[in-house]
Amino acid sequence: DYSAKASKSSSRIGQNARKRRDQIIEVLINLLPEVHDIRVTKPTEKNLKQKVEFKTPYGWVSLNGLSLGYRAMITWMVDLAIRMFERYPKSPNPLAEPAIVLVDEIDLHLHPKWQRTIMRYLSERFVNTQFIVTAHSPLVVQAATKANIVLLRREGDHVVIDNNPISVLGWRTD
């Protein structure tokens with residue numbers, strides 16, 4: 001946001017910064033349930049630092065006021081977007097470029113409804129990205145109908161890897 005506002009509106013740097021900022025905001029608004037807008041506040045006498053705020057049904061909420069699940073998703077989504085911008089600086093849409101992303105425990109801190117939709121959302125927004133994720137949640141696994149699922153289970157003192165588990169649909173959540 002700082003780069004987008006600090007650069008002259010007609011400069012190439014300013015245009016690129018605004019485009020990147022707007023792409024990240026669009027991804028976050030589409031990702032975060034019940035977030036309808038995102039803004040960066042101006043410094044005030046009471047608060048000399050800018051803050052990122054999210055418009056929710058409860059009004060504008062600061063980043064610190066969001067749940068841990070929201071903050072975790074925002075953190076790694078912005079990190080992914082920045083890395084895509086750095087990797088593909090000349091692309092008209094760096095978020096659509098190819099990538100491989102590893103995410104450990106994608107279900108961590110997510111509401112169960114969100115666990116069911118996260119992989120579909122990521123696949124729709126990052127069409128050329130291969131996501132390799134781990135999850136302890138059966139909700140994530142059951143919702144991944146077109147995924148290659150690998151099941152790891154402990155048997156005694158070793159781990160058994162099942163590359164082709166039978167359909168996980170209908171499995172009990174325990």
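Remember, predicted model here, so these are calculated numbers, not experimental data.
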Practice task
Please lay out, stage by stage, how Phe85 and Asn16 fare under the test side chain to side chain contact (heavy atoms under 4.5 Å, CB included).
Solution key: CA-CA 10 Å; Phe85 292 140; Asn16 284 339; over 6 Å; no
Practice task
Starting from the C-alpha separation in whole Å, work towards a yes-or-no answer on side chain to side chain contact (heavy atoms under 4.5 Å, CB included) for Ile132 and Val101.
Solution key: CA-CA 6 Å; Ile132 301 171; Val101 177; over 6 Å; no
Exercise for the section: Can you measure from CD1 (Ile100) to CD (Gln130) and round to the nearest 0.5 angstrom? Expected result: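 Interatomic distance, Ile100 CD1 to Gln130 CD, rounded to 0.5 Å: 5.0 Å.
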Problem - Lys55 bridged to Glu53 by N-O distance under 4.0 Å - result: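 Salt bridge: no.
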Practice task
Look at the side-chain heavy atoms of Ile, Leu, Val, Met, Phe, Trp and Tyr, link any pair under 4.5 Å apart, and say whether Ile82 and Leu63 land in one connected group.
Solution key: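 In one cluster with Ile82: Leu63, yes.
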Exercise for the section: Measure across Val150 and Ile161 and return the closest heavy-atom pair with its distance rounded to 0.1 Å. Expected result: CG1-CG2, 3.6 Å
Exercise for the section: To the nearest 0.5 angstrom, please state how far the CZ atom of Phe126 sits from the CE atom of Met84. Expected result: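 Interatomic distance, Phe126 CZ to Met84 CE, rounded to 0.5 Å: 7.0 Å.
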Practice task
Give a yes or no on whether Arg39 atom CZ has more than 12 heavy-atom contacts from other residues, nucleotides or ligands under 6.0 Å away.
Solution key: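 Yes, because the 6.0 Å sphere around CZ of Arg39 holds more than 12 heavy atoms from other groups.
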Exercise for the section: Go through the structure and list residues passing salt bridge (charged side-chain N to carboxylate O under 4.0 Å, His left out) with Arg125, not counting sequence neighbours. Expected result: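 Scan of Arg125 (salt bridge (charged side-chain N to carboxylate O under 4.0 Å, His left out), adjacent residues dropped) gives none.
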Practice task
Please round to the nearest 0.5 Å and tell me the distance separating atom CD1 of Ile74 and atom CZ of Arg71.
Solution key: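 The distance works out to 9.0 Å.
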Handout entry: Exercise: identify the closest heavy-atom pair between Arg20 and Pro89
Key =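 In this case the closest contact between Arg20 and Pro89 is NH2-CA, 3.9 Å.
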Handout entry: From CD (Glu155) to CG (Asp157), nearest 0.5 Å
Key = 10.5 Å
Problem - Connected via hydrophobic side-chain network under 4.5 Å: Trp76 and Ile38 - result: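 They do share one cluster, since a chain of ILVMFWY contacts under 4.5 Å joins Trp76 to Ile38.
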Practice task
Carefully, step by step, assess Asn30 and Glu124 under the rule side-chain hydrogen bond (donor to acceptor under 3.5 Å, both in side chains).
Solution key: CA-CA 11 Å; Asn30 289 326; Glu124 289 171 355; over 6 Å; no
Problem - Path from Leu108 to Leu80 over hydrophobic side-chain contacts below 4.5 Å - result: no
Throw together a table of side-chain donor-acceptor distances under 3.5 angstrom for residues 133-141, partners on residues two or more places apart or in other chains.
from: Thr134; atom 1: OG1; to: Asp104; atom 2: OD1; distance (Å): 2.5
from: Thr134; atom 1: OG1; to: Glu105; atom 2: N; distance (Å): 2.6
from: Ser137; atom 1: OG; to: Gln115; atom 2: OE1; distance (Å): 2.3
from: Ser137; atom 1: OG; to: Leu139; atom 2: N; distance (Å): 3.1

Handout entry: Ile118 side, atom CD1; His111 side, atom NE2 - distance, nearest 0.5 Å
Key =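 One finds 13.5 Å between CD1 of Ile118 and NE2 of His111.
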Practice task
Could you check Phe131 against Leu102 for side chain to side chain contact (heavy atoms under 4.5 Å, CB included), going step by step and ending with a plain yes or no?
Solution key: CA-CA 6 Å; Phe131 288 93; Leu102 307 174; over 6 Å; no
Practice task
Group every Ile, Leu, Val, Met, Phe, Trp and Tyr by side-chain heavy-atom contacts under 4.5 Å, then state whether Phe54 and Ile29 land in the same group.
Solution key: yes
Exercise for the section: For residues Glu97 and Asn128, determine if any side-chain heavy atom of one lies less than 4.5 Å from a side-chain heavy atom of the other. Expected result: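 A side-chain contact is absent here, since even the closest heavy-atom pair is not under 4.5 Å.
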Exercise for the section: Examine distances only and state if a side-chain atom of Tyr88 and a backbone atom of Pro98 form a donor-acceptor pair shorter than 3.5 Å. Expected result: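 Between the backbone of Pro98 and the side chain of Tyr88 there is a qualifying donor-acceptor contact (under 3.5 Å).
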Exercise for the section: Verify the cluster assignment for Val78 and Val61: are they in a single hydrophobic cluster under the rule of side-chain heavy atoms below 4.5 Å apart? Expected result: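 Cluster IDs for Val78 and Val61 match.
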Exercise for the section: Ignoring hydrogens and angles, tell me if any N or O in the side chain of Tyr70 forms a donor-acceptor pair with the backbone of Pro33 under 3.5 Å. Expected result: yes
Problem - For Asn64, all residues meeting side chain to side chain donor-acceptor pair (under 3.5 Å), sequence neighbours excluded - result: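 Asn64 satisfies side chain to side chain donor-acceptor pair (under 3.5 Å) with no other residue.
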Handout entry: Which atom of Lys19 lies closest to which atom of Pro92, heavy atoms considered
Key =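 Smallest heavy-atom distance, with atoms named: NZ-O, 2.6 Å.
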Handout entry: Stepwise salt bridge (Lys or Arg N to Asp or Glu O under 4.0 Å) check, Arg83 with Asp79
Key = CA-CA 6 Å; Arg83 290 172 189 267; Asp79 185 56; 2.9 Å; yes
Problem - For Thr44 against Leu48, the heavy-atom pair lying closest together - result: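 Closest approach of Thr44 to Leu48: O-CD2, 3.4 Å.
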Handout entry: Pairwise distance CG(Leu110) to OG(Ser67) - rounded to 0.5 angstrom
Key = 8.5 Å
Exercise for the section: Taking the side chain as every heavy atom from C-beta outward, state whether Met73 and Leu31 have any pair of such atoms under 4.5 Å apart. Expected result: yes
